[in-house]
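Working notes for the structure below.
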Amino acid sequence: MEHRLIICHPLSLFPDVWLTLVFGFLIVPAVFGLPFGIHKYYMKILLSIFEWTTLQMELKAKEKNHQLYKHYTSGIIVKVPDSTLKQEIQDLRHSTGCLSLDTRFELADVFVFCRKALENIIDDDVTKRFSAQKLENWNLLTRSNHNFRCISLKLLASWFLGVLIRYGVLLPFRATVAVTGIFLFVVLSTVVGLIPCTKLRTYVSDKVHLMGYRLCVRSLTGIITYHNRENKPKNDGICVANHTTPIDGIILANDHCYSLVGQLHGGLLGLIQRAMVKSSPHIWFERAEVKDRRLVAKRLRDHVADENKHPVLIFPEGTCVNNTSVMMFRKGSFEIGCTVYPAAIKYDPRFGDAFWNSSKFGLVGYLLRMMSSWAIVCSVWYLPPMNKKEGEDATQFANRVKAAIAAQGGLVDLIWDAGLKRTKVKDTFKEEQQQLYSKILLGDHEYQNHPES
């Protein structure tokens, strides 16, 4: 009997200790927005461990006379930068001994298009934007290791210890915080929705939303650095940002209140959406309404015109890209005629890959991978507000905003539509190349007189 009491006593204390740690060190600081202060030390320790693992793998590879796998940071092939189609054709004619650059067809011109086709088949700029980033150092996650043959017993023990920490300690802590945060957010948002529409309701709603987003960030061990906060969006416009993961909205809303835009879903996500809209003016569309561009534009204009409502948060790419580039922005968000507040988000893949490959992982599997990573580390830059210039159409305005976000976040600025992840290339892209070649053959003046030729 005494032995049973000795064993049961520590077990009975476990739930109390667990709840004390979760609420005392995670939930309560998140509710009040208090930083815990150990994140930078946590990151430094992890980076030191990652460097050590890479060094150990290099030593093991030397012993076996193997070479470590190294991904191609600048692509598989070398492409000619900043060269126009006309310049490439002129260079080709020079190399083949054709000194005449008259505007006439040369059979050798075909090789320019053949080379471009082969370049894109081998190493295109679109497909690789929808796969996880490759790392220089191994971060002790199985999903990022390409050198299994170079693992020593020390590394195997380190990896096993990391699995125990991530799945035995971090994941249960994070899951507890996430469930608690979602429960509190849904209940409190519903209660706030019962308050009459006054300044008090707006104030309390903002606090509840910030609390919910902060708990979500804590449940992922999110370590976020915000830059240029003086440029944070105001209520007279929309905020646009590059899109990597479904938590992009949470990352931004952790620092400022926004009105979210999206399709109304069912299940748990739909329950959260309905609770949110009860206390704050978010914009949710039914499935049949999403394709109605006029209705969407009208709802957005009406929202932006009301200065008492929060700025609208939109991700114009329309799908998740792996945070190495920014792809084409849909012009609909830039036709509203209001101030645009750009924001650039850059994740650090060394601690955990934030990119959601929706064609490979479902949402639940993706969230499990996120919660079992070491941390989600990112930087957010608020850029100065931008407005459409005189004579500038929505597409040009969208491209200008996209270029600014890419430059600030250190991302590649691409013209391609992110929808190519699931669809074929539009005929208009092919026609553009045909028109460029026609201009070279006919000359700009003759082409304008005979555009159909």
Side-chain angles (χ1 to χ4, degrees), residues 197 199 202-203 205-206 209-210 213 224-244 248-262 276-277 280-285 290 292-318 321 326-346 378-411 413 415 418:
C197 294
K199 290 184 177 180
T202 302
Y203 175 80
S205 175
D206 290 352
H209 275 70
L210 286 173
Y213 294 131
I224 313 167
T225 305
Y226 297 96
H227 305 271
N228 307 326
R229 279 178 159 160
E230 67 275 9
N231 295 325
K232 282 201 292 190
K234 297 180 174 57
N235 293 359
D236 61 343
I238 63 173
C239 175
V240 299
N242 55 303
H243 198 25
T244 303
D248 286 332
I250 296 173
I251 296 295
L252 289 170
N254 180 67
D255 189 50
H256 188 66
C257 288
Y258 296 92
S259 291
L260 305 182
V261 181
M276 291 172 67
V277 81
S280 185
H282 300 282
I283 305 174
W284 306 128
F285 296 96
V290 173
D292 190 342
R293 292 185 60 189
R294 291 183 179 179
L295 176 63
V296 173
K298 183 180 183 304
R299 296 264 312 262
L300 290 175
R301 287 194 187 96
D302 293 343
H303 184 100
V304 172
D306 190 345
E307 295 183 355
N308 295 319
K309 294 181 179 179
H310 297 304
V312 180
L313 178 58
I314 298 176
F315 301 101
E317 285 171 293
V321 183
V326 184
M327 303 190 78
M328 187 185 80
F329 278 7
R330 310 288 175 86
K331 66 178 182 179
S333 308
F334 302 88
E335 294 175 330
I336 301 172
C338 63
T339 302
V340 172
Y341 295 88
I345 308 174
K346 180 64 177 176
C378 70
S379 295
V380 176
W381 290 271
Y382 296 110
L383 279 68
M386 302 175 70
N387 290 280
K388 187 185 294 185
K389 295 180 179 179
E390 187 175 353
E392 188 176 45
D393 60 26
T395 301
Q396 293 170 333
F397 184 29
N399 289 335
R400 184 160 58 90
V401 174
K402 176 168 68 75
I405 291 175
Q408 180 62 75
L411 307 169
D413 184 7
I415 63 170

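Note that these values count all heavy atoms, side chains included, but never hydrogens, waters or copies made by symmetry.
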Are the aromatic ring centres of H256 and H209 under 6.0 angstrom apart?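 Ring centroids of H256 and H209 are no less than 6.0 Å from each other.
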Where do [X] and [Y] come nearest, in terms of heavy atoms and distance?
X: L260; Y: H282; result: N-ND1, 2.9 Å
X: F315; Y: A241; result: CD2-O, 3.5 Å
X: L383; Y: A344; result: CD1-N, 4.1 Å
X: G391; Y: Q396; result: O-OE1, 3.9 Å
X: P311; Y: C257; result: CD-O, 3.9 Å
X: N242; Y: A343; result: OD1-O, 3.7 Å

How long is the span from the [atom1] atom in [X] to the [atom2] atom in [Y], to the nearest 0.5 Å?
X: Y226; Y: I251; atom1: OH; atom2: CD1; answer: 6.0 Å
X: F334; Y: R400; atom1: CZ; atom2: CZ; answer: 10.0 Å
X: H310; Y: Y258; atom1: NE2; atom2: OH; answer: 11.0 Å
X: C239; Y: N231; atom1: SG; atom2: CG; answer: 11.0 Å
X: I336; Y: K388; atom1: CD1; atom2: NZ; answer: 10.0 Å

Close side-chain approach of [X] to [Y], heavy-atom, < 4.5 Å:
X: M327; Y: H243; result: no
X: L252; Y: D248; result: no
X: N399; Y: T395; result: yes
X: V380; Y: I224; result: yes
X: Y382; Y: P342; result: no
X: L411; Y: K346; result: yes
X: N387; Y: V340; result: no
X: H303; Y: I283; result: yes

Can you check side chain to side chain contact (heavy atoms under 4.5 Å, CB included) on K389 and F397, steps first, answer last? CA-CA 8 Å; K389 295 180 179 179; F397 184 29; over 6 Å; no
Would Y341 and V240 satisfy side chain to side chain contact (heavy atoms under 4.5 Å, CB included), going step by step from the backbone distance to the final call? CA-CA 6 Å; Y341 295 88; V240 299; over 6 Å; no
Decide if atom CD of E230 counts as having more than 12 heavy atoms of other residues, nucleotides or ligands within a radius under 6.0 Å.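 Above 12, so yes.
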Over 12 foreign heavy atoms within 6.0 Å of NZ, K232: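 Yes, enclosed.
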Checking L300 against V312 for the side chain to side chain contact (heavy atoms under 4.5 Å, CB included) test, could you report, in this order, the C-alpha distance in whole Å, the side-chain angles of both residues, the deciding distance, and whether it holds? CA-CA 8 Å; L300 290 175; V312 180; 3.9 Å; yes
Looking at N254 and I250, would you say the former's side chain and the latter's main chain have a donor-acceptor pair under 3.5 Å? no
Check for a donor-acceptor pair, side chain of S259 on one end and backbone N or O of P281 on the other, with a separation under 3.5 Å. yes
May I ask you to decide whether K402 forms a salt bridge with E317, counting only side-chain N to carboxylate O separations under 4.0 Å? no
Regarding D255 and R229, does a basic nitrogen lie under 4.0 Å from an acidic carboxylate oxygen?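 Yes.
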Can K309 and D306 be said to form a side chain to side chain contact (heavy atoms under 4.5 Å, CB included), step by step? CA-CA 6 Å; K309 294 181 179 179; D306 190 345; 3.4 Å; yes
